[in-house]
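Owing to the predicted nature of the structure, the values given are computational and were not obtained by experimental measurement. Per chain, numbering begins at 1; letters A, B, ... match sequence-line order.
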Amino acid sequence: MQRREFITGALAALGAGLAPAQVEHVWARVCQTSHREGYCYQFVPVKTVTFFTHLVEHLIPTRDLTNADLALARFVDGAIEQTRSQREKVQITRCLEHLYQRYNRMAGAPDTTMTQLIGDGLMADDEEIAGPLNTIRQLAMVGFYTSEYVARQLLNFDPVPGHYDPEIKISELDKRTTWSR
Amino acid sequence: MQTFDAIVIGSGITGGWAAKELTEAGLSVVVLERGRYVEHGADYHTAYKHDWQLPNHGLVSNDVKKRLYKQARTGYATNPDIAHWFVDDRQHPYQEQQRFDWIRGYHLGGRSLTWGRQCLRLSDIDFSANRVDGNGNDWPVRYKDIAPWYDKVEAFIGVSGEMMGLEQLPDGIYLPPMPLNRVERHMREVLNRQFNGRALTIGRVAHLIGSGDFGARQPCLYRGRCMRGCPTGGYFSSLSSTLPAARATGRLTIRSNTIASEIIYDEQKQRAIGVRTIDTNNHKKSAVYASVIFCCASAIASTALLLQSKSRRFPNGLGNDSGVLGHYLMDHHFKVGATATTTKFGDSYYQGFRPVGFHIPRFVNLKPREPDSSLDFIRGYGYQGYATRGDWRRGFKELSFGKAFRDDMLKPGPWQVALIGFGETLPGKGNRIYLDETRKDEWGLPTVVFDARFRENEQRMRSHMQSQAVEMLSACGFDNVQAYDEGSYPGQAIHEMGTARMGYDPKTSIVNQYNQVHTVKNVYITDGAFMCSGGYQNPSLTYMAFTARAAAHAVGQFKTGF
């Protein structure tokens with residue numbers, strides 16, 4: 001299975017409102033090919049998209065943040081596509097397939113199950129699971145902490161300090177968070 | 001026929017100085033720049049972008065990784081906010097008999113846009129080192145000769161720093177120093193108390209600090225985004241400073257997208273008369289003519305140009321009677337030292353993105369004539385370092401996730417301290433570049449081959465750089481003190497020096513004490529190529545001082561005749 005078959009095109013289609021939530025598949029651009037048009041299109045199961053979104057949400061949660069439409073899953077997916085080597089993409093795809101199958105076999109509430117799945121995956125001896133999952137985790141971190149919302153709302157946004165103060169106290173800051181620019 | 005009084009090849013840190021000095025002395029000057037034209041400020045198109053406005057929030061794209069595959073060795077040149085300041089390695093190839101990281105910026109302003117901005121003077125310990133230990137050739141210059149030119153350069157570019165009164169790191173003309181933070185002050189106190197002869201100071205950097213009259217430039221805003229280009233001119237670059245000064249004279253012509261392919265030598269006149277050029281866009285060949293030529297294209301590029309400039313008189317390259325052209329290549333070795341963390345000073349923080357860390361000047365082998373018998377290496381090193389509080393990136397190393405982790409990473413992390421050693425490399429003939437006439441670039445020019453490595457003295461010095469860093473951080477009472485040696489390859493410090501060295505004797509050197517090619521008196525080489533040794537100090541300030549001095553000499557010669 002191609003990774004983009006698993007996620008990307010479907011995320012884009014869902015995000016653009018092209019696929020109603022109740023449908024089971026979306027018609028999505030999934031991978032570059034040598035085909036003349038350059039891409040192939042397939043029906044992608046919505047449930048796999050849902051799984052990926054669920055996974056990213058558990059890595060770096062955003063639902064509790066007011067008016068924070070960070071679209072982290074889409075960011076992570078795009079970052080994988082544009083910044084990872086072909087080899088890494090294949091590893092990530094295999095990892096996701098493995099996690100998806102395991103998730104479906106696990107019993108319990110979705111949130112608890114996902115938390116356990118991620119915890120086990122990151123600590124797994126199998127580097128083919130732990131490595132790619134950690135990559136996804138790190139990309140989710142980049143997407144989150146470098147977002148405009150987090151920079152302005154959660155961190156101390158200070159793009160033009162104009163001076164350097166060598167000694168301030170964290171306890172006296174309105175927000176006791178790091179500086180952001 | 002296009003004729004000027006002077007041709008300056010290269011528009012970076014020395015090309016800008018040559019252009020400024022020569023035009024201000026009344027000469028008409030053309031600057032040849034092989035890269036694209038860049039307008040100061042207007043063309044710094046990422047300067048005001050936030051992370052979320054960059055492609056993939058600043059992650060490096062596959063496309064850039066493929067194009068800048070050697071520049072990528074820096075670990076930062078491919079970042080989308082600055083990748084446009086580094087060359088496409090596929091378009092500008094070079095070869096490595098041994099690994100050499102040739103990091104370049106082909107655009108107006110060159111690497112003066114992306115330099116580290118450290119301004120450290122060489123001392124007489126450095127200028128006499130070759131003579132004392134017999135490595136390399138003796139500098140035909142001593143500190144007193146160049147000191148007034150350091151003064152001149154520092155006064156113009158603006159250097160923030162602290163006077164220290166150290167023989168090994170002479171003081172200069174400084175704007176107020178940037179302050180040390182809480183942990184750095186603690187380190188300074190410990191070093192003063194427990195390490196006789198060691199000092200810690202803030203880095204001396206070419207940033208405008210304070211409230212003086214800086215003309216069109218403005219003081220540093222502490223944005224910490226220097227390498228994107230500073231639209232307000234908070235740090236020195238040739239685009240913000242020297243080229244505008246040259247332009248103001250009305251005697252400056254800039255030719256961008258123009259490669260200097262050969263210096264034209266006239267055998268009857270026994271001097272150079274011009275430079276052959278190639279337009280990078282349409283490959284059209286042309287020439288410009290002048291009475292004076294300044295090679296400021298960078299150590300490697302200037303030497304390659306001389307090697308390309310063959311004639312009946314100079315079959316091995318212009319001015320290369322000695323055969324040393326291309327030899328005695330140097331860089332600083334670094335990426336060695338120690339790191340630590342501390343949970344002390346937990347409530348201390350700082351505001352502003354200070355563009356420089358601290359500096360621990362050289363403290364070993366300060367009396368080269370009386371070598372320290374406890375050391376198994378000669379020459380010396382210093383440290384650059386920082387103490388900062390970690391941000392969310394510290395979470396990369398953890399395997400945590402979820403809301404608690406997310407919120408914890410928003411807070412300032414523990415203090416992180418690093419000491420990064422910068423060591424001197426001995427000048428050796430075996431470290432060299434040469435041209436491969438069989439492999440040419442798209443403009444038909446031979447490619448440069450590097451054959452250089454760090455040798456035994458550097459390796460022994462690195463062990464000491466590690467152990468002393470551990471000792472100092474441990475004495476400071478820090479936690480998790482860890483030595484590191486990531487390995488260092490020539491070129492990585494982006495301090496290429498040598499290959500057209502200065503000297504008294506035309507039989508063993510290329511240029512004289514005024515940077516003038518011994519046998520072609522109207523050609524000056526003032527970028528890093530002329531260096532006889534490198535000290536441990538970042539070299540750009542020295543290049544600028546020698547360029548200003550050489551320009552004054554050239555003006556005198558221009559008026560009286562070469």
Salt bridge present between B:Arg223 and A:Asp158 (N-O < 4.0 angstrom):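 Answer for the salt bridge query: no.
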May I ask you to decide if [Y]'s main-chain N or O and [X]'s side chain share a donor-acceptor pair within less than 3.5 Å?
{"X": "B:Arg406", "Y": "A:Pro61", "value": "yes"}
{"X": "A:Arg181", "Y": "B:Gly224", "value": "yes"}
{"X": "A:Arg137", "Y": "B:Phe396", "value": "yes"}
{"X": "B:Tyr349", "Y": "A:Trp179", "value": "yes"}
{"X": "B:Asp391", "Y": "A:Thr178", "value": "no"}
{"X": "B:Asn62", "Y": "A:Arg84", "value": "yes"}
{"X": "B:Asn181", "Y": "A:Pro166", "value": "no"}

For side chain to side chain contact (heavy atoms under 4.5 Å, CB included), just list the numbers for A:Val142 and B:Asp51, CA-CA rounded to whole Å, side-chain angles, deciding distance to a tenth of an Å, and then say yes or no. CA-CA 10 Å; A:Val142 172; B:Asp51 288 339; over 6 Å; no
Would you say the side chains of A:Thr83 and B:Asn56 form a donor-acceptor pair under 3.5 Å?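 Result is no, nothing qualifies.
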Taking side chain as everything from C-beta outward and backbone as N, CA, C, O, which of these in [X] sits under 4.5 Å from a heavy atom of chain B? Side chain, backbone, both or neither.
{"X": "A:Arg63", "answer": "neither"}
{"X": "A:Leu133", "answer": "neither"}
{"X": "A:Phe157", "answer": "side chain"}
{"X": "A:Asn156", "answer": "neither"}
{"X": "A:Thr115", "answer": "both"}
{"X": "A:Leu155", "answer": "side chain"}
{"X": "A:Leu65", "answer": "side chain"}

Partners passing side-chain contact (heavy atoms from CB on, under 4.5 Å) against B:Asn480 (at least two apart in sequence or in another chain):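 side-chain contact (heavy atoms from CB on, under 4.5 Å) check on B:Asn480 returns B:Thr341.
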Which ring-ring contact (aromatic ring centres under 6.0 Å, His included) pairs, counting each pair once, include a residue from residues 58-79 of chain A, with sequence neighbours left out?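 Pairs touching residues 58-79 of chain A that pass the test: A:His54-A:His58, A:Phe75-B:His57.
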Engaged part of [X] at the chain A interface, taking heavy atoms whose separation is under 4.5 Å:
{"X": "B:Phe345", "value": "neither"}
{"X": "B:Leu54", "value": "neither"}
{"X": "B:Phe353", "value": "both"}

Mind telling me whether A:Tyr145 and B:Trp392 have parallel, tilted or perpendicular rings, with 30° and 60° as the class edges?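 If you compare the ring of B:Trp392 with that of A:Tyr145, the planes turn out parallel.
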